Visitor: 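This structure is in structure tokens; I'll ask about it shortly.
Residue indices begin at 1 and follow the sequence shown. Below, all heavy atoms of this structure are taken into account, side chains as well, without hydrogens, waters or symmetry copies. As the structure is a computational prediction, the values presented were derived from the model and not from experiment.
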Amino acid sequence: MIASIIAEIKGQFANDTSGHDWFHILRVHKMACYLQEKEGGDLEIIELASLLHDISDHKMNGGIFNDGGNVARKILHKHNYDPLKTEAVVSIIDAVSFKGALVKDKMDSLEGKIVQDADRLDAIGAMGIARAFAYGGHKNRPMYQPDILPEQHEDFLTYAKSEGHTINHFYEKLLLLKDRLNTESARKIGQKRHDFMETFLAQFYKEWNTETE
């Protein structure tokens, strides 16, 4: 079943240019499996939730919100997957995404925390930087506009509809993720990736301001 779902997902996301491509899903899957080795949890649920976590994200499905769980449920039903485990996977997918700086996370299960951590680790560090600019270009957003400051969004809808420049995205999400990782194993990885983003931003501002030293 997992092999069949991998083939389906790989085909669907192969040509994505927004940073949410098949390789993003594969990295999240690999990281989730690594975290499971360290932290425990039901490996099958973790694998399925990590593979399906972006199956119908509003950023790629034309703006339909809260649809991922429904689509995942249909896929798992097609494979005659256990109904209780299906709902466990669905609940993870519905809660995995970052929903705004001032919106609290609501992930109850260990499996969900692991999948969320794996997804967030791929949103920071060198890969997170690359994906942020890929997504900004995909959405025709400016790289940086110094006169437009970042916002601290109080609800998911406002955050989801934000069209700010890419550098603001670091302050509205990426730099916040280190302190919102759930597991100790993820936090160790996250600290290094967070530090790399801080270094990148410092260098970015120097070059933006045409500093020569």
Side-chain angles (χ1 to χ4, degrees), residues 1-61 66-69 71-73 75-76 81 85-86 88-99 105-135 138 169 173-174 176-178 180-194 196-197:
M1 178 187 66
I2 289 177
S4 177
I5 288 175
I6 286 174
E8 182 177 345
I9 297 302
K10 187 175 182 180
Q12 180 175 335
F13 288 87
N15 298 316
D16 177 88
T17 59
S18 73
H20 299 81
D21 55 10
W22 159 245
F23 292 106
H24 161 65
I25 295 170
L26 181 61
R27 288 191 303 271
V28 172
H29 178 249
K30 288 182 176 179
M31 181 62 75
C33 290
Y34 168 80
L35 294 176
Q36 189 274 339
E37 290 181 0
K38 300 294 184 181
E39 304 287 342
D42 187 312
L43 178 59
E44 187 176 72
I45 290 174
I46 288 168
E47 285 202 77
L48 290 170
S50 63
L51 289 169
L52 294 169
H53 79 279
D54 269 346
I55 191 62
S56 187
D57 188 286
H58 71 91
K59 295 186 292 295
M60 289 83 69
N61 68 9
N66 303 315
D67 190 47
V71 176
R73 184 183 288 110
I75 292 173
L76 294 174
Y81 191 53
K85 288 190 173 184
T86 293
V89 173
V90 167
S91 68
I92 292 170
I93 293 169
D94 285 341
V96 72
S97 296
F98 180 85
K99 293 178 171 59
D105 294 320
K106 296 179 180 179
M107 189 66 79
D108 297 323
S109 69
L110 174 59
E111 291 80 10
K113 291 176 180 178
I114 285 172
V115 174
Q116 188 175 64
D117 281 356
D119 188 33
R120 289 181 173 181
L121 286 173
D122 206 59
I124 60 178
M127 195 57 61
I129 293 169
R131 291 181 64 221
F133 284 101
Y135 185 74
H138 180 78
H169 187 60
K173 177 183 177 182
L174 307 189
L176 308 178
L177 294 181
K178 172 181 70 71
R180 297 175 75 157
L181 294 169
N182 302 292
T183 65
E184 183 62 29
S185 300
R187 285 192 285 269
K188 289 179 181 179
I189 300 169
Q191 183 63 60
K192 295 178 182 178
R193 298 190 181 194
H194 178 90
F196 187 85
M197 291 192 299

Visitor: Are side-chain heavy atoms of L48 and M1 found at a separation under 4.5 Å?
Guide: yes
Visitor: Any idea which heavy atoms bring A132 and L174 closest together, and the distance?
Guide: CB-CD1, 4.0 Å
Visitor: How about L26 and I6: do any of their side-chain heavy atoms sit closer than 4.5 Å?
Guide: no
Visitor: Should L35 and K113 be marked as a side chain to side chain contact (heavy atoms under 4.5 Å, CB included) after you check the CA-CA gap, both sets of side-chain angles, and the distance that decides it?
Guide: CA-CA 10 Å; L35 294 176; K113 291 176 180 178; over 6 Å; no
Visitor: Without hydrogens or angle criteria, can the side chains of H20 and D54 be said to hold a donor-acceptor pair below 3.5 Å?
Guide: no
Visitor: What's the verdict on side chain to side chain contact (heavy atoms under 4.5 Å, CB included) for R180 and F98, showing C-alpha distance, side-chain angles and the deciding distance?
Guide: CA-CA 10 Å; R180 297 175 75 157; F98 180 85; 3.4 Å; yes
Visitor: Only counting residues at least two apart or in another chain, list the ones meeting side-chain hydrogen bond (donor to acceptor under 3.5 Å, both in side chains) with D21.
Guide: none
Visitor: Would a distance-only check, ignoring hydrogens and angles, find a side-chain to backbone donor-acceptor pair under 3.5 Å from R131 to D122?
Guide: yes
Visitor: Please report the shortest heavy-atom distance between A88 and I45, naming the atom on each side.
Guide: CB-CD1, 3.9 Å
Visitor: Is there a side-chain contact between L181 and H194, using heavy atoms and a 4.5 Å cut-off?
Guide: no
Visitor: Is there a donor-acceptor pair under 3.5 Å between the side chain of D16 and the backbone N or O of G19?
Guide: yes
Visitor: Which atoms form the tightest heavy-atom contact between S185 and E39, and what is the distance?
Guide: OG-OE2, 2.6 Å
Visitor: Judged by atom type as modelled, is there a donor-acceptor pair below 3.5 Å linking the side chain of R73 to the main-chain atoms of V90?
Guide: no
Visitor: How close do I189 and L121 get, counting heavy atoms only, and between which atoms?
Guide: CG2-CD2, 4.0 Å
Visitor: Is it true that a side-chain atom of Q36 and a backbone atom of G41 form a donor plus acceptor pair closer than 3.5 Å?
Guide: yes
Visitor: Quick check: do F13 and I55 have side-chain heavy atoms less than 4.5 Å from each other?
Guide: yes
Visitor: Go through C33 and L43 one step at a time and tell me if the side chain to side chain contact (heavy atoms under 4.5 Å, CB included) criterion holds.
Guide: CA-CA 7 Å; C33 290; L43 178 59; 4.1 Å; yes
Visitor: Kindly compute the distance separating CD1 (I5) from NE2 (H29), expressed to the nearest 0.5 Å.
Guide: 10.0 Å
Visitor: Over all heavy atoms of both residues, which pair between I46 and V115 is shortest? Give the atoms and the distance, please.
Guide: O-CG2, 3.7 Å
Visitor: Would the number of heavy atoms belonging to other residues, nucleotides or ligands and lying under 6.0 Å from CZ of F133 be above 12?
Guide: yes
Visitor: Test of understanding: with salt bridge (Lys or Arg N to Asp or Glu O under 4.0 Å), list the residues that count as partners of K85, not counting sequence neighbours.
Guide: D42, E44
Visitor: Between D117 (side chain only) and A186 (backbone N and O only), is there a donor and an acceptor less than 3.5 Å apart?
Guide: no
Visitor: Under 3.5 Å, is there a donor-acceptor pair between the side chain of Q116 and the main chain of V96?
Guide: yes
Visitor: Kindly compute the distance separating NZ (K173) from OG (S97), expressed to the nearest 0.5 Å.
Guide: 7.0 Å
Visitor: Do other residues, nucleotides or ligands put more than 12 heavy atoms under 6.0 Å from the OH atom of Y81?
Guide: yes
Visitor: Does the side chain of I124 come within less than 4.5 Å of R120's, by heavy atoms?
Guide: no
Visitor: Run the numbers on V28 and H53 for side chain to side chain contact (heavy atoms under 4.5 Å, CB included), then give the verdict.
Guide: CA-CA 9 Å; V28 172; H53 79 279; 3.9 Å; yes
Visitor: Could you report the tightest heavy-atom contact between I93 and A49, atom names first, then the distance?
Guide: CG1-O, 4.2 Å
Visitor: Could you tell me whether the side chain of R187 and the main chain of N182 form a donor-acceptor pair under 3.5 Å?
Guide: yes
